[in-house]
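Fair warning: this is a prediction, and the values are worked out from it, not measured in the lab. In what follows, every heavy atom counts, from backbone to side chain, and hydrogens, waters and symmetry copies are set aside.
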Amino acid sequence: MNQKKTETELLFDLLEKGISPAHAVSACEERLVEAGFEQISYGAKWNLMPGGRYVVNHHDTTLFAFTVPEHWGMAQPAVRIAAAHTDFPCLRIKPSCDIQTNVYAQVNVEVYGGAILNTWLDRPLGVAGRVAVRGEDAFHPQVRRFQSEKNLMTIPNLAIHMNREVNKGVELNRQTDLLPICGLTDGAQNADYFLNFLAKELEVEKQDILDFELTVYNKEKPQYVGLADELISASRLDNLNSCSALVSAIIDSQRTDGMNVIALFDHEEIGSHSKQGAGSILLHDMLIRILTECGLCEEAQQMLYNGMFLSVDVAHGLHPNFAGKMDLTNKPVLGKGFCIKEACSQSYATDCEAIAVIQQLCEDNHIPYQKFVNRSDLVGGGTLGSIASALLPVKTVDIGIPLLAMHSARELMAASDQQALKDLTEKFFS
């Protein structure tokens with residue numbers, strides 16, 4: 001009999017598999033199906049059953065999973081929603097990407113999201129994502145997932161002998177300083193070497209590759225760090241640790257008297273305003289359809305308004321070398337539980353009634369939590385909570401695991417905080 005994996009083991013699995021938004025969604029979908037969730041398509045007819053559990057893949061990079069109450073006729077079963085995001089700061093490969101500089105083969109890339117640019121230098125880099133290949137007719141191309149099995153690229157630093165001021169700080173140009181080297185050429189003009197490589201890997205003709213969405217990702221493995229393995233150093237912690245916790249929570253929840261929904265959105269790192277982002281009508285549309293399919297069309301708006309929404313994304317932990325960057329009285333640290341994130345500007349969804357619900361759940365169930373607020377003289381980040389709740393006006397709370405090195409090519413968290421986040425979300429769903 002297989003022993004159940006710990007939450008950190010499940011997180012490591014997703015970190016290694018979720019090397020692009022499409023791969024992250026595929027890994028989460030696979031785990032949900034293994035747990036008994038039925039795959040359904042948004043563009044097809046549904047036949048929801050009482051007590052059913054379902055998963056919807058939306059455009060490959062956004063995922064919904066939901067559970068239906070066992071008794072549809074009950075009065076106003078509460079709808080509880082938790083959302084995270086599948087994308088992460090990285091480099092994306094541009095079309096017509098080949099660049100030759102003397103004998104060096106390079107690839108033209110652009111920066112996706114708010115990456116810490118210098119952390120991408122001198123690392124082994126792979127490529128993963130989606131490739132659209134010519135289909136039987138123009139409206140139905142074949143969309144193939146791709147993952148490089150080997151290290152394909154690197155972006156080397158300039159030697160200190162050629163830049164004596166490097167340790168005083170260097171601003172990298174996004175166009176000219178971040179071009180990865182992917183090989184050596186004979187100096188002759190040999191166009192399309194990346195496309196030729198991609199065609200060979202996919203076993204298709206080069207001319208049949210119509211377009212792609214390819215992420216350059218850090219191929220280094222997640223690792224435990226610390227004298228007692230209490231820390232996790234890994235790429236893509238923001239925000240795959242939240243995705244992993246939400247999948248675990250909806251699988252393990254035993255709630256039968258209401259609806260639980262998780263939404264894993266793409267494009268949070270670039271503003272959420274897309275057909276698969278939290279800034280679209282998608283979440284509201286999905287919830288109305290679920291309730292309508294359950295015969296609750298007339299009650300749908302009332303039920304949604306009485307629901308509750310958790311926006312789950314990472315928070316900033318206190319950095320020991322830069323403690324002055326933290327708020328004077330709210331100083332969350334790694335290993336002391338997830339954070340409730342507050343901002344009077346509503347860059348984090350702040351609602352004292354909703355926050356009280358989360359605090360009582362934690363205190364009643366001995367789940368460690370902390371509070372994060374930005375310094376008053378520093379502009380912090382935002383997340384999908386306020387964006388989504390503007391379209392779905394329900395009680396909303398922003399929560400998440402505290403990190404160090406957020407948006408680096410490699411980030412740092414405490415292993416124990418993963419369990420705290422999963423426990424809270426499961427209680428929220430139960």
Pair Phe64, Phe37 - check ring pair (Phe, Tyr, Trp, His ring centres under 6.0 Å), show working. CA-CA 11 Å; Phe64 291 88; Phe37 282 69; over 10 Å; no
Whether the [X] and [Y] side chains hold a donor-acceptor pair (N or O, under 3.5 Å, no angle test) is what I'd like checked.
| X | Y | answer |
| --- | --- | --- |
| Gln175 | Asn108 | yes |
| Ser26 | His23 | no |
| Arg123 | Thr154 | no |
| Ser244 | Asn241 | no |
| Gln100 | Gln106 | no |
| Ser274 | His267 | yes |
| Ser311 | Asp398 | yes |
| Thr62 | Asp266 | no |

When you measure from the side chain of [X] to the backbone of [Y], do you find a donor-acceptor pair of N or O atoms at a distance under 3.5 Å?
| X | Y | value |
| --- | --- | --- |
| Ser253 | Ile250 | no |
| Ser389 | Gly385 | yes |
| Thr101 | Tyr104 | no |
| His407 | Gly114 | yes |
| His59 | Thr61 | no |
| His58 | Lys275 | yes |
| Glu70 | Pro50 | no |
| Ser248 | Leu246 | no |
| Ser148 | Val127 | yes |
| Asp60 | Ala22 | no |

d(Leu424 CG, Leu361 CG) to nearest 0.5 Å is 6.5 Å
Which label fits Phe197 and Phe146: parallel for a plane angle under 30°, tilted from 30 to 60°, or perpendicular past 60°? perpendicular
Can a cation-pi geometry be assigned to Arg92 and Tyr112, taking NZ or CZ under 6.0 Å from the six-membered ring centre and within 45° of the ring axis? yes
Please report, to 0.1 Å, the donor-acceptor pairs under 3.5 Å made by any side chain of residues 280-287, with sequence neighbours excluded.
| from | atom 1 | to | atom 2 | distance (Å) |
| --- | --- | --- | --- | --- |
| Ser280 | OG | Gly277 | O | 2.9 |
| Ser280 | OG | Leu282 | N | 3.1 |
| Asp285 | OD2 | Tyr42 | OH | 2.4 |

ring-ring contact (aromatic ring centres under 6.0 Å, His included): pairs with one or both residues in residues 223-246, sequence neighbours excluded: Phe12-Tyr224
Would you say the ring centers of Phe338 and Phe372 fall short of 6.0 Å from each other? no
Taking the six-membered ring for Trp and the full ring for Phe, Tyr or His, determine whether the centres of Tyr54 and Phe66 are under 6.0 Å apart. yes
Going through the checks in order, is the salt bridge (Lys or Arg N to Asp or Glu O under 4.0 Å) test met by Lys371 and Asp327? CA-CA 11 Å; Lys371 287 194 174 181; Asp327 181 58; over 6 Å; no
Would Glu165 and Lys168 satisfy salt bridge (Lys or Arg N to Asp or Glu O under 4.0 Å), going step by step from the backbone distance to the final call? CA-CA 5 Å; Glu165 304 298 309; Lys168 295 182 180 180; 2.9 Å; yes
What do the steps show when you test Glu213 against Arg130 for salt bridge (Lys or Arg N to Asp or Glu O under 4.0 Å), and what is the final call? CA-CA 5 Å; Glu213 297 170 4; Arg130 304 196 306 161; 3.2 Å; yes
After noting the C-alpha distance and the side-chain angles of Asp238 and Asp313, does the key distance pass the side chain to side chain contact (heavy atoms under 4.5 Å, CB included) rule? CA-CA 7 Å; Asp238 178 8; Asp313 199 353; 3.1 Å; yes
Taken in chain and number order and not counting sequence neighbours, the residues that satisfy side chain to side chain contact (heavy atoms under 4.5 Å, CB included) with Ser233 are Val225, Arg410, Leu412
Least distance between heavy atoms, Ala115 atom then Trp120 atom: CB-NE1, 3.9 Å
CD (Glu205) with more than 12 external heavy atoms under 6.0 Å: no
Does atom NZ of Lys221 have more than 12 heavy-atom neighbours from other groups under 6.0 Å away? no
